[in-house]
Amino acid sequence: MQNPKIAKVAVPGPFLFPLDYLLDAEQDLLTTDCATEIKAVVGGRVWVPFRNKKVIGMVMEISESADYELSKIKPIEEVIDIEPLFDATQLGLLNWASQYYHEPIGDVMLAALPKRLRAGENAEISGMQYWQLSAEGRSKTLEDISRRALKQRRVFAQFLDQKLKSESDLNAELENWRSAVKTFTEKGWLETAHGPCLRESNYAPAPNHTLNDAQKSAVDAVLESQQIQKRFQAFLLEGITGSGKTEVYLGMIESMLKQGKQVLVLVPEIGLTPQMVSRFEAFLQTRVAALHSNLNDSERHCAWHLIRTGQIQVLLGTRSAVFTPFKNLGLCIIDEEHDLSYKQQEGFRYSARDLMVQRAYREQIPVVLGSATPSLETLHNAKTGRYTHLHLKQRAGVAKLPSLKLLDIRGEKIQEGVSRPLKTAMTQHLQAGGQALLFLNRRGFSPVLMCHDCGWQAACPSCDANMTFHMISGQNADGTVAGYLQCHHCDEQMAKPHSCPSCASEEFVNVGQGTERLEETIKEWFPDKKVLRIDRDTTRLKGSMAELTGIAQRGEADILIGTQMLAKGHHFPNVTLVGLLDIDQGLFSADFRAAERMAQLILQVSGRAGRAEKAGEVLIQTHHPDHPLLTTLIQQGYDAFATKALQERQDALLPPFKYQILIRAEATHPNDGMLFLESLKAGLQNYWQQWQEAKMVEADIDFWGPVSAPMLRRQGRYRYQLMLQSLNRGDLHRLISEMQPHIYNSPLSRKVRWSIDVDPQEMY
DNA sequence: CCGGCTCTCATC
DNA sequence: ATGAGAGCCGGA
């Protein structure tokens with residue numbers, strides 16, 4: 001008998017390599033008369049027996065030789081895909097990701113598939129569920145609905161165009177539409193219908209656009225590389241806010257479409273994808289597929305399928321879209337490449353940005369990384385010539401750049417976080433008819449609730465952190481603020497204690513400012529102005545973010561107060577003053593990336609101002625007006641700041657000049673994580689020692705720690721970390737690869753939750 | 001003396 | 001991961 005064929009199948013579980021399964025040659029012989037023998041294909045899914053149950057797996061390879069005892073190898077149970085879902089290049093990327101991030105191959109495979117395909121559903125999808133007007137519904141008008149049923153009227157109005165509506169269509173236009181849709185369905189005005197994935201769609205009219213010279217030469221640079229050389233090249237497109245990066249993307253995409261190629265565009269997770277899709281569709285006059293968190297499973301499946309089969313040419317998606325298989329991919333674009341949401345922070349901790357560059361390299365196509373404030377890693381790649389650096393230095397159209405100024409608040413009597421000069425500036429700008437935006441990256445009323453008599457502070461029972469005091473609006477029982485306590489690290493909530501648990505005093509003070517308190521203060525100061533607070537608490541409901549930013553953009557609010565979420569993406573053309581209240585944490589943090597983040601945030605928030613013809617003013621309150629990084633940023637701009645910050649990184653031998661891998665461990669027992677990491681460190685060092693002796697080389701790997709995480713206890717778990725750092729990425733990976741199987745076998749590893757974080761971005 | 005419960009271990 | 005099997009205490 002000839003050698004049986006072995007399928008190498010990636011299955012979920014702690015396996016760094018695929019497992020062996022028989023391709024079932026026997027059955028092949030028995031059923032030769034059956035012309036349509038179903039064979040597993042490389043890149044397709046199969047059901048395989050695993051222990052005593054059936055699990056899903058991905059065939060990574062078909063081989064003549066087994067890596068496992070032949071008698072123990074079981075046959076594949078059922079073939080799901082007759083055609084591959086992933087081609088060799090894409091499988092290569094998944095394999096690379098598994099090895100680079102030290103993540104089990106089966107888990108990488110699962111992360112690369114939409115949920116429904118993970119569950120074994122057919123890759124082909126004929127369509128999805130929609131709602132539409134029934135015959136009866138078509139005879140109705142808005143007048144047939146009670147004047148008082150506002151929500152019902154608004155929902156019904158959406159259907160008057162007679163078109164099919166999917167869940168995300170309705171999500172994009174309405175909030176809390178489900179109950180109204182249910183009512184209409186029960187009444188028989190609406191009916192559910194099964195419609196195709198690809199619907200005809202009418203786009204907004206194409207904008208009458210012309211690219212300016214800078215934009216045009218950026219487009220040309222990328223297109224030339226693609227047309228002439230047809231190979232991989234990475235570009236950093238650095239363009240200040242308002243310089244028209246999106247037009248540059250669209251210019252490139254337009255040309256790719258003419259060549260019949262597809263384009264993958266990654267965007268951060270900020271809920272702006274639907275708006276961006278409409279903008280892309282209007283410009284390109286073609287359908288654009290989207291993959292983001294607001295879609296349900298069948299909508300995702302549809303988008304995935306349309307891209308894979310080449311029915312749609314452009315995909316706009318968040319992090320996980322980087323894995324989508326394309327029929328004919330020609331260009332990759334990453335917008336806001338410095339954004340942290342590209343790094344998955346749990347489980348399979350990949351960077352979609354880095355994977356995208358790797359993907360483009362493997363596909364031999366260009367990749368464009370766009371940002372107004374590029375990450376130091378990317379800038380370093382540009383400075384060393386690995387990436388081609390393209391600049392957009394001017395705001396497109398008539399928009400002017402805002403002026404940035406530092407406000408020295410040392411010794412300044414600060415009323416509720418806002419200095420006198422800032423208050424004066426607010427008054428002036430409001431009088432001149434502009435809007436003011438105050439940025440404070442701390443939600444809630446106050447970050448600390450303290451006993452006035454003994455100094456006791458309300459702490460979270462499960463974390464090493466204070467509970468944030470949140471106000472209950474409108475209630476003011478006895479002059480004190482009514483509210484509750486909430487931990488921002490584990491979301492645990494509790495009532496404000498009636499009296500101090502330590503000294504029984506009933507008097508508490510709120511220490512520090514959050515956005516709620518700031519809102520109170522500002523309302524008192526400017527009683528005739530409309531104040532709008534935009535943070536996670538005021539935008540909890542679906543659609544409310546769009547509603548609030550709409551109010552702000554239409555000029556129906558005078559003063560905007562916001563956290564981080566206000567800093568990204570939204571344009572407020574009438575905002576002429578931006579005040580940043582508290583950015584000093586960024587200057588002296590234990591995290592070496594804090595200054596970089598602070599600079600990116602300052603410029604992002606500044607970018608909200610003066611986008612129309614009005615020039616904006618940006619005032620930054622600080623206790624450290626002489627801090628070299630801060631003054632460089634303000635006086636000379638981001639590039640000068642970045643050069644300086646990169647120099648500091650080089651002097652301190654930190655990324656991007658050294659490579660890091662962080663091993664985390666956490667457990668409910670206070671010391672288990674520490675013990676685990678200590679024994680792991682001993683093993684790693686021992687192995688490293690032997691390796692150096694055997695190879696007669698001196699290689700450098702630094703071991704930092706193990707130390708407790710910046711916040712030792714979080715959600716009741718004690719957390720520790722061990723940092724490995726090296727000038728040589730290969731050495732670092734080799735060391736981890738060799739040790740990883742031992743970690744799985746270590747008895748301590750079962751008591752702790754551990755993870756390997758390659759190129760860690762955040763310490764927390 | 002048996003069931004239950006932690007600990008251990010392999011999974012192709 | 002995760003569920004099955006091995007090794008150790010209470011019920012009457």
Inset, instruction - Decide, yes or no, whether a salt bridge links A/Glu666 with A/Arg717 under the criterion of side-chain N to carboxylate O below 4.0 Å. - result: yes
Legend entry - Any residue of residues 47-62 of chain A with a heavy atom less than 4.0 Å from an atom of DNA chain B: A/Pro49, A/Phe50, A/Arg51
Legend entry - Atom pair distance, as rounded to whole Å: CZ in A/Phe348 and P in C/dA1: 16 Å
Legend entry - Segment of DNA chain B, first to last nucleotide, that comes within the 4.0 Å heavy-atom reach of chain A: B/dA10 to B/dC12
Legend entry - Any residue meeting side chain to side chain contact (heavy atoms under 4.5 Å, CB included) with A/Phe232, in chain and number order, not counting sequence neighbours: A/Ala234, A/Val357, A/Ala360, A/Tyr361, A/Gln364, A/Val367
Inset, instruction - Decide whether A/Glu337 and A/Thr378 meet the rule of one side-chain donor and one side-chain acceptor closer than 3.5 Å. - result: yes
Legend entry - Aromatic centroids of A/Tyr744 and A/Trp754 separated by under 6.0 Å: yes
Legend entry - Sugar-phosphate, base or nothing in reach of A/Tyr68, heavy atoms under 4.0 Å: base
Inset, instruction - May I have the distance from A/Arg750 (atom CZ) to C/dT2 (atom C1'), rounded to whole angstrom? - result: 12 Å
Inset, instruction - Would you please indicate yes or no on a ring centroid separation below 6.0 angstrom for A/Tyr718 and A/His669? - result: no
Legend entry - Any donor-acceptor pair under 3.5 Å from A/Ser726 side chain to A/Arg729 backbone: no
Legend entry - Lys/Arg-Asp/Glu bridge criterion (N-O < 4.0 Å) met for A/Lys343, A/Asp759: no
Inset, instruction - Measure the shortest side-chain to side-chain distance between A/Val46 and A/Glu78 over non-hydrogen atoms and say whether it is less than 4.5 angstrom. - result: no
